[in-house]
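The structure appears right after this line, and notes come after that.
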Amino acid sequence: MNKINFIKVKVNTQMLKSHFRLPASSIQLLSLIFLVLMSSFGYSQNLQTYIEEALENNPNIQAVEKQHAISTEKIAEVNALPDTQFSGGYMFGEGNMPMMQQAEFSVMQMLPWFGTIAAREKYANAMADADLVEIEIAKRKIALALSQSYYRLYEIAKKQQVLDSNIQLLKVYEQMALTSVEVGQASAVSVLRLQMRQNDLAERKMVLAQDFASEQTVFNKIMNRKEVVDIPIVDSLTIPEKEVEIDFENLNFHPELTKFEELNKVVTQADALNKKESAPSFGVGVEYMLFNEAPNMVMPMATLSIPIFNKKFKSVARQNKLRYEELNIQKEASQNTLFTQLQTALRSRDAARIRLETQDKNLKQAENANEILLRNYETGTINFNEVLDVQELQLQFQIKRIEAVAEYFKQSSIVEYYIVNE
């Protein structure tokens, strides 16, 4: 397994102490720093736990869930019949005609054609199912965003740790240089260069502290936390020796593609509903009439509404056909986009693995060069300029290694977004 392992300052300091006797206070200081570093990165909450919390609390997901709830509620709405119509009239004054109608009251209920209400219900159900897919898309996006933020936090934290380790190492070199200056084996310029290098790394560490605080805010906001809470970061990330084979067929089950199937079902149900609504509608009712001198009468009524000159339904049918074709084209375009993005993520992940292996080799060689320079200290021929150059290269390799590890897991989270199915 390729496990992230930085150049351990503890090992270096032990080797240095064999060449150079540090004051007891310096040794105690280094030991204390290592204890603090190791304890601060000893615990981390599982990323999956963070994701589960974010999925429960993130407002974007809650908004999509509310939209689905609205779509579900519309199913009950479409089962309603048109409003019942009531009418009535009364004649004031006396009439001369014996059969004159004094008052009338009627009630009429319009009814859709047979099967129209069922068609409306199917259409509403299809809309609700389409919104359900949007919930899954939103959840995947939140999980991806949180994972990316977590790995950025990991990258920043590890860079801080490496910078701190290198600052402590430079302090050891500074003590060595001071001793060499005292015996005439080095110039004061070497001491000043080492001190300037420490200042530079301290500045970079402070900038990273600001970056870490900013990224922690991003992470907490994705989880919809009211306050910014410290996020413990895992001490190390393990890269598998071999990659799991990717089945690109799983991409067809991605919700960004399956949503088009649901939308096609919506269009199909909309077309079926349009055909039902283009059929005649009818109504039934009753009218009660009151006469002056004749018996009152009750008259059943029926009405039929036929859309003879209405071209709306034909237009809607053509629109549904065009919409169906549009969705098929959009699905094909989305499928191509997802495939390309997945391939890009896989290539980027492989590139990160290659960079990691390269930095491992570079770090090993830097260690060897560092050991050679330190052995030269015994003969009094150490060149602190060369020590500083090697240390700078060593730091660059460590930073690049951290970036490679973080990039690997960032790209892995993108791959999971596309192919992992619930």
For F384, give me all partners under ring pair (Phe, Tyr, Trp, His ring centres under 6.0 Å), at least two apart in sequence or on another chain. none

Got a second to check how far I51's CD1 is from R140's CZ, nearest 0.5 Å? 12.0 Å

Please check: side-chain N/O of S149 versus main-chain N/O of A145, any donor-acceptor pairing under 3.5 Å? no

Return each pair, listed once, that meets salt bridge (charged side-chain N to carboxylate O under 4.0 Å, His left out) where at least one residue sits in residues 386-400; pairs must be two or more places apart or across chains. none

Write down the atom of S190, the atom of N385, and the distance for their closest heavy-atom approach. OG-OD1, 4.5 Å

Any Lys/Arg nitrogen of K331 or E261 sitting under 4.0 Å from an Asp/Glu carboxylate oxygen of the other? yes

P280 and P307 have their tightest heavy-atom pair at CA-CD, 4.2 Å

Any donor-acceptor N or O pair under 3.5 Å, side chains E249, N252: yes

F105: ring pair (Phe, Tyr, Trp, His ring centres under 6.0 Å) partners, not counting sequence neighbours: none

Is there a donor-acceptor pair closer than 3.5 Å between any side-chain N or O of T358 and the backbone N or O of I354? yes

So, using ring pair (Phe, Tyr, Trp, His ring centres under 6.0 Å) as the criterion, who are the partners of F86 when residues are at least two apart? none

Do N58 and M223 come within less than 4.5 Å of each other through their side chains, counting heavy atoms only? no

Under a 4.0 Å threshold between the charged nitrogen and the carboxylate oxygen, would D235 count as salt-bridged to K158? yes

Is any NZ, NE, NH1 or NH2 atom of the basic residue among D360 and R401 found under 4.0 Å from an Asp or Glu carboxylate oxygen of the other? yes

Measure from the side-chain N and O atoms of N224 to the backbone N and O of N57, and report whether any donor-acceptor pair falls under 3.5 Å. yes

Without hydrogens or angle criteria, can the side chains of Q175 and T179 be said to hold a donor-acceptor pair below 3.5 Å? no

Quick one: does any side-chain atom of S214 pair with a main-chain N or O of Q210 as donor and acceptor, under 3.5 Å? no

Between the main-chain N or O of V267 and the side-chain N or O of D271, is there a donor-acceptor pair closer than 3.5 Å? no

4.5 Å side-chain heavy-atom contact, L393 and F397: yes

Where I402 and K159 come nearest, the two heavy atoms and their spacing: CD1-N, 3.7 Å

Which pairs pass salt bridge (charged side-chain N to carboxylate O under 4.0 Å, His left out) with one or both residues in residues 57-78, sequence neighbours excluded? none

Correct closest heavy-atom pair for R323 and Q330 would be NH1-OE1, 4.4 Å

Compare all side-chain heavy atoms of P112 with those of E277 and state whether any distance is below 4.5 angstrom. no

Determine all donor-acceptor pairs shorter than 3.5 Å in which one atom belongs to a side chain in residues 117-128; sequence neighbours excluded.
from, atom 1, to, atom 2, distance (Å)
N125, ND2, E121, O, 3.1

Counting neighbours of CG on N336 that are heavy atoms of other residues, nucleotides or ligands and sit closer than 6.0 Å, is the number greater than 12? yes

Distance in Å, K205 NZ paired with I156 CD1, rounded so as to fall on 0.5 Å steps: 14.5 Å

Looking only at the side chains, is there a donor atom on one of E256 and Y417 sitting less than 3.5 Å from an acceptor on the other? yes

Residue pair Y418 / Q341, side-chain donor-acceptor N/O under 3.5 Å: yes

Side chain proximity check, N264 to Q269, heavy atoms < 4.5 angstrom: no

Is there a donor in the side chain of Q85 and an acceptor in the side chain of Q109, or the other way round, less than 3.5 Å apart? no

Kindly indicate, with the supporting measurements, whether the criterion ring pair (Phe, Tyr, Trp, His ring centres under 6.0 Å) is fulfilled by F409 and Y154. CA-CA 10 Å; F409 283 96; Y154 173 86; 7.5 Å; no

Using a strict cut-off of less than 4.0 Å between a Lys/Arg side-chain nitrogen and an Asp/Glu carboxylate oxygen, indicate whether K410 and E155 qualify as a salt bridge. yes

Using a strict 4.0 Å threshold on nitrogen-to-oxygen distance, state whether R353 and D350 make a salt bridge. no

What are the two closest heavy atoms between S334 and L257, and how far apart are they? OG-CD2, 3.8 Å

When rounded to the nearest 0.5 Å, the distance separating OH of Y173 from CG of L194 is 9.5 Å

So, do I246 and Q343 sit near enough that their side-chain heavy atoms are less than 4.5 Å apart? no

Check E357 with K361, please: is the shortest side-chain N to carboxylate O separation under 4.0 Å? no

In short, A317 meets N274 closest at the heavy-atom pair N-ND2, 3.7 Å

Centroid separation under 6.0 Å, is that true for the rings of F114 and F282? yes

Consider only side-chain N and O atoms of N220 and E227, and report whether a donor and an acceptor are under 3.5 Å apart. no

Kindly say whether K311 contributes a backbone atom to a donor-acceptor pair with the side chain of S315 at under 3.5 angstrom? no

Spacing of CG belonging to L263 relative to OG1 belonging to T258, to within rounding of 0.5 Å: 9.5 Å

Between Q411 and E407, does any side-chain donor sit less than 3.5 Å from a side-chain acceptor? yes

Between the side chains of R225 and E53, is the shortest nitrogen-to-carboxylate-oxygen separation below 4.0 Å, so that they form an ion pair? yes

For E243, does the CD atom have more than 12 heavy-atom neighbours from other residues, nucleotides or ligands under 6.0 Å away? yes

So, taking the atom named CD1 in I61 and the one named CD1 in I135, what distance separates them when rounded to the nearest 0.5 Å? 9.0 Å

Any side-chain donor paired with an acceptor under 3.5 Å for Q67 and E134? no

